[in-house]
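Quick notes on the structure that follows.
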2 protein chains.
Amino acid sequence: MDHLQTGENLLFLTDDQVRKGIEAMFFAYRGFTADPDRILEGMDYGRAHHRALHFIHRSPGTTVNNLLAILGVTKQSLNRVLRSLIADDLVESRVGHSDKRERHLHLTEKGAALERRLSDAQRARLRAAYRAAGPGAVQGFRLVLEAMMDEDANRQYQSLKEANI
Amino acid sequence: MDHLQTGENLLFLTDDQVRKGIEAMFFAYRGFTADPDRILEGMDYGRAHHRALHFIHRSPGTTVNNLLAILGVTKQSLNRVLRSLIADDLVESRVGHSDKRERHLHLTEKGAALERRLSDAQRARLRAAYRAAGPGAVQGFRLVLEAMMDEDANRQYQSLKEANI
DNA sequence: GATTTTACGTCAGCCTTGTTGACTTTCCAA
DNA sequence: TTGGAAAGTCAACAAGGCTGACGTAAAATC
């Protein structure tokens, strides 16, 4: 089987070629998380804490339930992470004004500082990759990733407030 | 800051734009692993078993040490996985011919069948994503991922035997 | 030929991060 | 006004990483 391509944008790729894409995802994801992981090792935090900080930063005031939907884990799992972040004064949990069952989450100064440090490292790697791959590649990268997401993940992803891309 | 682009292939992207790439990786990776995860849940296996099956399939006869280097885990961790795969007759471990210290790993019929089932599902999703993103996007996708890998991961990745891309 | 190194396996114990189950507090609607 | 649903918390367990220590066989080195 050759890698031709017909009029409709239907791609003919061999299984081996697609498999290479699969391995690219595997190895790339390891690089993607390597820098934050390195920063966090030694602190009492891990990747789960990084994710929580990231999405609280992205949507200040978000509720635990919102965060749950985005992260796709159980509330008990998230709670453990939030508890330590709150105890260490990285995250502030404010009881809801209208609905007192809700907790609205915000980063403290300290939390924002760590989040910045983590995302700076991760952004630096992504920028470097973009630069190495060239301007044309960035669009393709994003398109394939978006098409790879589940329906609901894609909705979460698209609903970024600052969707100025 | 605008997203301009100068003569050198240096990209100016806002932090928010790069952050969106970061989130794309996060959500896409979840989709990427979702189908195999679903297949494996219920069996006594997990993502670690899938990875082992994948790379043994890719390089039949590979040694434990090779696999260790590719997967980037400790031998104790890998051993736990291999032990159960061997016990369940999905993987065969053959003592080395020239060097009897080595164990060469092969999939059994049963192991190959499960590997096929898992990779078929994963390939189907990737093909669908490629098709949705269009022919031009695939190249960019791969370029950015490759640039995102660590040095040694990239070497592992590039040293595919069937590197007919 | 003796020693050291390599490849592999295993036991024990720890940590992170997922899970389910059971529980409070709060809200809302019948 | 009361009973169910929703938001959040606590407890206990499992998967899959990790380190450290040890054993065995084979290979390599001196």
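Just so you know, these numbers use all the heavy atoms, side chains as well, and skip hydrogens, waters and symmetry mates. Order of the sequence lines fixes the chain letters, A, B, ..., with proteins taken first and strands second; residue numbering starts at 1 for each chain.
Nucleotide C:dT16 holds its C1' atom 7 Å from the CZ atom of A:Arg80, rounded to whole Å. Here D:dA7 presents its C1' atom at 14 Å from CG of A:Leu67, a figure rounded to the nearest Å. Between the C1' atom of D:dG8 and the CG atom of A:Leu82 lies a distance of 10 Å, rounded to the nearest Å. One can place CZ of A:Arg30 at 17 Å from P of D:dG16, the figure rounded to the nearest angstrom. In this structure, CG of B:Asn79 is placed 14 Å from C1' of D:dC22, rounded to the nearest angstrom. In this structure, CG of B:Leu78 is placed 16 Å from C1' of D:dT19, rounded to the nearest angstrom. When rounded to the nearest whole Å, the span between CD1 of A:Ile86 and P of D:dC10 equals 10 Å. One interatomic measurement links the two molecules: CD of B:Glu102 to P of D:dA26, which rounds to 13 Å at whole-angstrom precision.
For D:dG17, the OP1/OP2 oxygens have a side-chain nitrogen or oxygen of B:Arg51 closer than 4.0 Å. For B:Asn65, a side-chain nitrogen or oxygen approaches OP1 or OP2 of C:dA7 to under 4.0 Å. A sub-4.0 Å separation between OP1 or OP2 of C:dG18 and a side-chain N or O of A:Thr74 is absent. Residue B:Arg83 places at least one side-chain N or O under 4.0 Å from the OP1 or OP2 atom of C:dT10.
A:His49 comes within contact range of the sugar-phosphate backbone alone, with a heavy-atom separation under 4.0 Å but no base atom that close.
Ion pairing between A:Asp152 and A:Arg155 fails under the 4.0 Å rule for side-chain N and carboxylate O.
Each of A:Arg125, A:Arg47, A:Gln122 was evaluated against A:Pro36; a single residue qualifies, A:Gln122, per the side-chain contact (heavy atoms from CB on, under 4.5 Å) test.
Rounding to the nearest 0.5 angstrom, the gap separating the CD1 atom in A:Ile22 from the CZ atom in B:Arg58 is 12.5 Å.
If you find the closest nucleotide of DNA chain C to A:Tyr45 and to A:Arg103, the one lying nearer the 5' end belongs to A:Tyr45. In this structure, A:Ser98 and A:Gly72 both approach DNA chain C, and ranking their closest nucleotides by distance from the 5' end singles out A:Gly72.
For the pair A:Glu41 (side chain) and A:Arg38 (backbone), a donor-acceptor distance under 3.5 Å is absent. Between the side chain of B:Ser84 and the backbone N or O of B:Val81, at least one donor-acceptor pair lies under 3.5 Å.
For a distance-only test at 3.5 Å, the side chain of A:Gln76 qualifies as a donor-acceptor partner of the base of C:dG21. Evaluation of atom-type donor-acceptor distances gives no pair under 3.5 Å for the side chain of A:Arg101 against the base of C:dT25.
Checking C:dC27, D:dG17, C:dT6 against the side-chain heavy atoms of A:Lys100 singles out C:dC27 as nearest.
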